[in-house]
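Working notes, beginning with the structure itself.
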Amino acid sequence: AWKGPVFSETVPYDTTQVDESLRCAAEFHLQDAYYLPNAAYTYYDPDVVKASRDTIKQLLMAEGAVSISYTAGDQITYYNDETYAVYCDTFSYADHSVLIVGWDDNFSRENFKEECRPEHDGAWLIRNSWGTGWGDDGYFWLSYEDRTIDIGPYYKLESKDNYKNNYQYDTMGWDLSLAVDDFIDADKAAKTGYMSNIFTAEGAEQLEAVSFYTTDADVKYEISVYTGVQEGKPTSGKLSFSGQSGTEPYAGYHTIELNQAVALKKGERFSVVVRLTNPTYAYPIPIEFCPLPFDKSEPEYMGNGGESYYSLDGQSWADIITMSDTSLDFQTYITNVCLKAFTNPLPADGDAVETVRFSIPEGPVALGSKLTLAGADEIYYQIDEGAAQRYTATITLDKACTVTAWSQEDGKKGNPVSRTYTQAVSQLLELAVEQAGNNTDCDVSAEDKSYTVTLGNLTDEVKIRPR
């Protein structure tokens, strides 16, 4: 919904009240959220735990850090402060979120507290949020077998200016999954179905990407776009784009860049149609859902139909709101499928041309970083005010600079996109001073900050570590 995230400097970790103006602030746009097989020991199953472990390792190598939660409350019982190792052998509900950044299959079980050790070797390397004064410069080891682990998603972000407009109805996100043929009997469900949203273009734009949730692993999808559609008829009008298909290996939220941008006229109705096929789970359609206590009550900001549709064959359509149901005094209020469309302004010549994507968001970077551009087959770029050149290989960022790039199709130029990169620098924030077995953390982040260290008579040496 383009609400968050923001940098920790904007909302520090220990903030108790957040300014209302930040409710919809965002420094990045969420592109993907991979929902992993859950290893919560509420329903302990060694096979599920192993599946999660292998999947996490794959994501760490291919993408980056993975968020999890665990129980951090009882540090005295389960935390070994000599080896920075944590293992809890009893289930309790997770109360703290951290990041997995690595692993060691050979991390010895002997590193955990003697009175509470896992059965096997192996642990995750965890980055905590309690500062560098805790653990091993803010990191610790968490046993694979910790009974409080609750696996979270992997989040993939892009720059907040990647798209101009976000057409959406499902601001609440994925709340429930439906089958389009048989809502009650999972054994008879087809495990496949179509969903569609009809939107109205706010201006002369080009549709460049769509997003949706998948409710199972290894879900197959196929995307079509219709323009000039009639009200309530997703597949009327002109079929302007079709045939883009793929498979999403993880359940969760996915943004799919279209192979070809679709031109939209101001005020024109257009529809996005997605066919989803699940291999296992009977309910492939992700929907926005709200349970209501009274049959005459109605939530605000959720619409009243005429926006989202479902179909078994992609030809006969029904409004998703007809799925709403009242049973006794309990009403299920269903208004929309979870399907969004992302646009940018139409280029000046009026023809849709794919916008260039940058592999590195603008901001501080290490000199020597490799920048990859993606978009149409023909891409041009310039660095600062230099000459334009055809993109044929990765760009080495060896200085602070601004890179401007654009796609070109049949001699027509797409929207130029610029990213400004500065040189990343290290900043000394803290000194750890150790003498006679005592540790002192000195905050030196302020330029005028100074400390006096008094050496005792029994001090043989002083160790000072920068952080």
Side-chain angles (χ1 to χ4, degrees), residues 1-13 15 18-36 59-60 62-69 97-101 127-129 152-168 170-174 205-214 248 250-258 338-345 354-366 369-375 395 397 400-405 415-425:
W2 289 1
K3 297 178 181 179
V6 296
F7 290 112
S8 58
E9 63 189 33
T10 303
V11 183
Y13 173 77
T15 300
V18 179
D19 191 281
E20 180 63 24
S21 64
L22 295 174
R23 176 181 291 274
C24 297
E27 297 294 342
F28 299 92
H29 286 165
L30 176 66
Q31 294 299 106
D32 296 272
Y34 301 150
Y35 296 171
L36 307 182
L59 278 174
L60 288 173
E63 303 287 355
V66 174
S67 65
I68 65 166
S69 298
S97 295
V98 292
L99 288 176
I100 297 178
V101 296
R127 180 177 178 176
N128 207 343
S129 55
Y154 165 79
Y155 298 108
K156 193 171 185 177
L157 307 176
E158 276 194 10
S159 299
K160 63 181 179 181
D161 61 351
N162 57 353
Y163 304 110
K164 181 69 174 179
N165 281 334
N166 177 359
Y167 289 92
Q168 62 174 342
D170 60 313
T171 54
M172 290 177 61
W174 176 25
E205 303 170 74
Q206 59 180 27
L207 175 62
E208 297 186 10
V210 302
S211 73
F212 50 85
Y213 293 88
T214 54
E248 286 295 340
Y250 306 109
Y253 176 76
H254 315 281
T255 300
I256 310 297
E257 295 180 4
L258 300 183
C338 298
L339 178 59
K340 306 179 193 291
F342 302 107
T343 67
N344 275 315
E354 192 172 354
T355 300
V356 173
R357 306 288 171 213
F358 286 63
S359 63
I360 304 176
E362 71 176 0
V365 297
S369 296
K370 303 295 184 181
L371 173 65
T372 301
L373 304 179
I395 302 168
L397 300 175
C401 63
T402 296
V403 179
T404 302
N415 295 316
V417 180
S418 295
R419 296 283 184 267
T420 298
Y421 299 101
T422 57
Q423 181 179 354
V425 295

Nearest heavy atoms of [X] and [Y], plus distance in Å:
X	Y	result
L371	Y421	CD1-OH, 3.6 Å
T255	D32	N-OD1, 3.3 Å
A400	Q423	CB-N, 4.3 Å
V356	V417	O-CG2, 4.1 Å
S359	P361	O-CD, 4.1 Å
A341	L207	CB-CD1, 3.6 Å

Problem set entry | Stepwise salt bridge (Lys or Arg N to Asp or Glu O under 4.0 Å) check, E208 with R357 | CA-CA 11 Å; E208 297 186 10; R357 306 288 171 213; 2.5 Å; yes
Atom [atom1] of [X] and atom [atom2] of [Y]: how far apart are they, to the nearest 0.5 Å?
X	Y	atom1	atom2	answer
N166	S211	CG	OG	7.0 Å
Q206	N344	CD	CG	6.5 Å
Y154	L99	OH	CG	11.0 Å
F212	K340	CZ	NZ	13.0 Å
Y163	E205	OH	CD	13.5 Å
Y213	H254	OH	NE2	10.0 Å

Exercise. Does Y250 have any ring-ring contact (aromatic ring centres under 6.0 Å, His included) partners at least two apart in sequence or in another chain, and if so, which?
Worked result: Y34
For this session: Show your reasoning for whether side-chain contact (heavy atoms from CB on, under 4.5 Å) applies to T355 and E257.
Result: CA-CA 10 Å; T355 300; E257 295 180 4; over 6 Å; no
Non-hydrogen side-chain atoms of [X] and [Y] separated by less than 4.5 Å:
X	Y	answer
L60	V66	yes
E248	I256	yes
T422	V365	no

Compile the donor-acceptor pairs under 3.5 Å between side chains in residues 2-10 and protein atoms, sequence neighbours left out, one pair per line.
none

Seminar exercise, completed: Sequence neighbours excluded, the answer for side-chain contact (heavy atoms from CB on, under 4.5 Å) partners of T402 is D384, T404, S418, T420
For this session: Carefully, step by step, assess Y155 and F28 under the rule side-chain contact (heavy atoms from CB on, under 4.5 Å).
Result: CA-CA 11 Å; Y155 298 108; F28 299 92; over 6 Å; no
Exercise. Is it true that a side-chain atom of S97 and a backbone atom of S69 form a donor plus acceptor pair closer than 3.5 Å?
Worked result: no
Exercise. Would F342 and N165 satisfy side-chain contact (heavy atoms from CB on, under 4.5 Å), going step by step from the backbone distance to the final call?
Worked result: CA-CA 6 Å; F342 302 107; N165 281 334; over 6 Å; no
